[in-house]
Amino acid sequence: MDIMDEKKMVTLSVEDGPWTGCAVLFLRSCPAVNLLSLYKDQQGKFSVFKVLKLTLTDSAGGLEGYEILKLHDADPLLGVEVKFVDVAACRRFLQCYGSGAVQQSLSQHACRLLHGPQELVLETQLKAGTHTLDFCLDDLELCLQHIHQSQPGRLRDDEIAELDQQLQSQALGHIPQPPTLSQEEPPVPSNCFLFQKRVFEDRILAAGDLQRFSNGVGRDWRKVGRALGKNCRALKGPAIDNLAYEYEREGLYEQAYQLLSRFIQAEGSAARLGRLVRALEDSKLTSLAENILDIQPRE
């Protein structure tokens, strides 16, 4: 069988008929917030599960199409075994994982719910059976095939089922929030983000956002670039300094314009408004974020 025939079989098996598959996301966090240790603790167990559930909801596009089967103690790693029952949800998760959006979402939810540092350092690895998917993320169909071939060998763990039921009951307001590490507001919808206690649609960045950013950021464009570069490969290393040198004669507006343009081109559909606003917040540029969000100043 040649490569083209194999690719054709991959596409057919992914797109036709009922589709299921299994993957394990391995996580290792900094000592300040040790996810594995917190999950072993009865006080932290529910909060860690909530962080993982919200992250999957963000990256898979909602509550459907997947379920957490079990959390594994792979000391020093925490393994999250996920069963996918919808190929579209699995594909979206892989796209978010490849762009760094899964890691960013996980870090943000962990910092919010676990009272961790503002920037949580995470190491991740995604596996399906014996295949490490981090090495083939450029080929989504191959990743989907590996996941599809790795069929779950277990039912959902009883403890996971109880935690999931507890989370659902909390969201519906049937029970008070259990004693966890923090008391938090209801989760923000996966297609939105929170800024100054207000919910905004997390849409793809548009030309108007690019213009407002370039007009308003001034000399701080490099600072914002470094904040965006934490989860954007195209802005890592010397990329920002190269932009500064290349467009020095054109001035600050053009440097800022080229920075955000490169982010949009590299991230595609993952280049969303929420990521830019968070980078502006990290750079202490809340007034520019308000301008881009069209928030009127208070009188």
Next item on the list: Report yes if the distance between the aromatic ring centroids of Phe84 and Phe93 is under 6.0 Å, otherwise no.
Entry: yes

Quick check against the 3.5 Å criterion: does [X] have a side-chain atom that pairs as donor or acceptor with the backbone of [Y]?
X: Ser107; Y: Gln103; value: no
X: Arg28; Y: Glu123; value: no
X: Arg275; Y: Asn231; value: yes
X: Arg222; Y: Arg219; value: no
X: Arg212; Y: Asn291; value: yes
X: Ser150; Y: His146; value: no
X: Ser99; Y: Cys96; value: yes
X: Ser105; Y: Ala101; value: no

Within-4.5 Å side-chain heavy-atom neighbours: [X] and [Y]:
X: Asp282; Y: Lys223; answer: no
X: Phe26; Y: Val80; answer: no
X: Val24; Y: Leu126; answer: no
X: Phe193; Y: Val199; answer: no
X: Arg226; Y: Ile240; answer: yes
X: Tyr39; Y: Leu71; answer: yes
X: Leu122; Y: Leu35; answer: yes
X: Cys22; Y: Ile147; answer: no

[X] to [Y] - nearest heavy-atom pair and separation:
X: Arg203; Y: Asp209; value: NH1-OD2, 2.6 Å
X: Leu228; Y: Ala279; value: CD2-CB, 3.7 Å
X: Gly98; Y: Leu137; value: CA-CD1, 4.0 Å
X: Ala256; Y: Val217; value: CB-CG1, 3.4 Å

Next item on the list: Look at Lys45 together with Glu159 and state whether they make a salt bridge at an N to O cut-off of under 4.0 Å.
Entry: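 Yes.
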
Note to self: Regarding Arg91 and Glu141, does a basic nitrogen lie under 4.0 Å from an acidic carboxylate oxygen?
What the structure shows: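 Salt bridge between Arg91 and Glu141, a charged N being under 4.0 Å from a carboxylate O: yes.
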
Could you tell me whether [X] atom [atom1] has more than 12 heavy atoms of other residues or ligands within 6.0 Å of it?
X: Arg233; atom1: CZ; answer: no
X: Asp75; atom1: CG; answer: yes
X: Asp138; atom1: CG; answer: no
X: Phe49; atom1: CZ; answer: yes
X: Glu64; atom1: CD; answer: no

Next item on the list: Please test Tyr253 against Gln258 for side-chain hydrogen bond (donor to acceptor under 3.5 Å, both in side chains), starting from the C-alpha separation and ending with a verdict.
Entry: CA-CA 9 Å; Tyr253 175 90; Gln258 293 297 329; over 6 Å; no

Next item on the list: Check the pair Tyr97, Leu94 against side-chain contact (heavy atoms from CB on, under 4.5 Å), reporting the backbone distance first and the verdict last.
Entry: CA-CA 5 Å; Tyr97 183 81; Leu94 288 169; 5.5 Å; no

Drop me the distance from [X]'s [atom1] to [Y]'s [atom2], to the nearest 0.5 angstrom.
X: Phe46; Y: Leu167; atom1: CZ; atom2: CG; value: 4.5 Å
X: Asp220; Y: Leu280; atom1: CG; atom2: CG; value: 9.5 Å
X: Ile68; Y: Arg156; atom1: CD1; atom2: CZ; value: 9.0 Å
X: Asp139; Y: Leu142; atom1: CG; atom2: CG; value: 4.5 Å
X: Leu276; Y: Glu267; atom1: CG; atom2: CD; value: 12.5 Å
X: Gln168; Y: Gln166; atom1: CD; atom2: CD; value: 11.0 Å

Note to self: Membership question, hydrophobic clusters at under 4.5 Å side-chain separation (ILVMFWY): are Leu77 and Leu69 in the same one?
What the structure shows: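 No, separate clusters.
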
Next item on the list: State plainly whether one hydrophobic cluster holds both Val85 and Leu56, where clusters connect Ile, Leu, Val, Met, Phe, Trp and Tyr through side-chain heavy atoms under 4.5 angstrom apart.
Entry: no

Notebook entry, point to check: Should Val277 and Phe200 be marked as a side-chain contact (heavy atoms from CB on, under 4.5 Å) after you check the CA-CA gap, both sets of side-chain angles, and the distance that decides it?
Noted result: CA-CA 11 Å; Val277 169; Phe200 294 87; over 6 Å; no

Check: What do the steps show when you test Thr20 against Gln151 for side-chain hydrogen bond (donor to acceptor under 3.5 Å, both in side chains), and what is the final call?
Finding: CA-CA 7 Å; Thr20 60; Gln151 290 296 313; 2.6 Å; yes

Notebook entry, point to check: In this structure, which one of Lys50, Lys70, Lys53 forms a salt bridge (charged side-chain N to carboxylate O under 4.0 Å, His left out) with Asp164?
Noted result: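 Exactly one option meets the salt bridge (charged side-chain N to carboxylate O under 4.0 Å, His left out) with Asp164, and it is Lys53.
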
Margin query: Is there a side-chain hydrogen bond (donor to acceptor under 3.5 Å, both in side chains) between Gln255 and Glu246? Walk through the geometry before answering.
Written below: CA-CA 8 Å; Gln255 290 172 326; Glu246 187 176 352; over 6 Å; no

Check: Do Tyr66 and Thr57 pass the side-chain hydrogen bond (donor to acceptor under 3.5 Å, both in side chains) test, and can you show the C-alpha distance, the side-chain angles, and the key distance before you say yes or no?
Finding: CA-CA 9 Å; Tyr66 70 91; Thr57 300; 3.1 Å; yes

Notebook entry, point to check: Can Leu113 and Leu54 be said to form a side-chain contact (heavy atoms from CB on, under 4.5 Å), step by step?
Noted result: CA-CA 11 Å; Leu113 290 168; Leu54 290 173; 3.9 Å; yes

Checklist line | Leu259 and Leu235: CA distance, side-chain angles, deciding distance, side-chain contact (heavy atoms from CB on, under 4.5 Å) verdict | finding: CA-CA 8 Å; Leu259 169 78; Leu235 297 181; 3.8 Å; yes

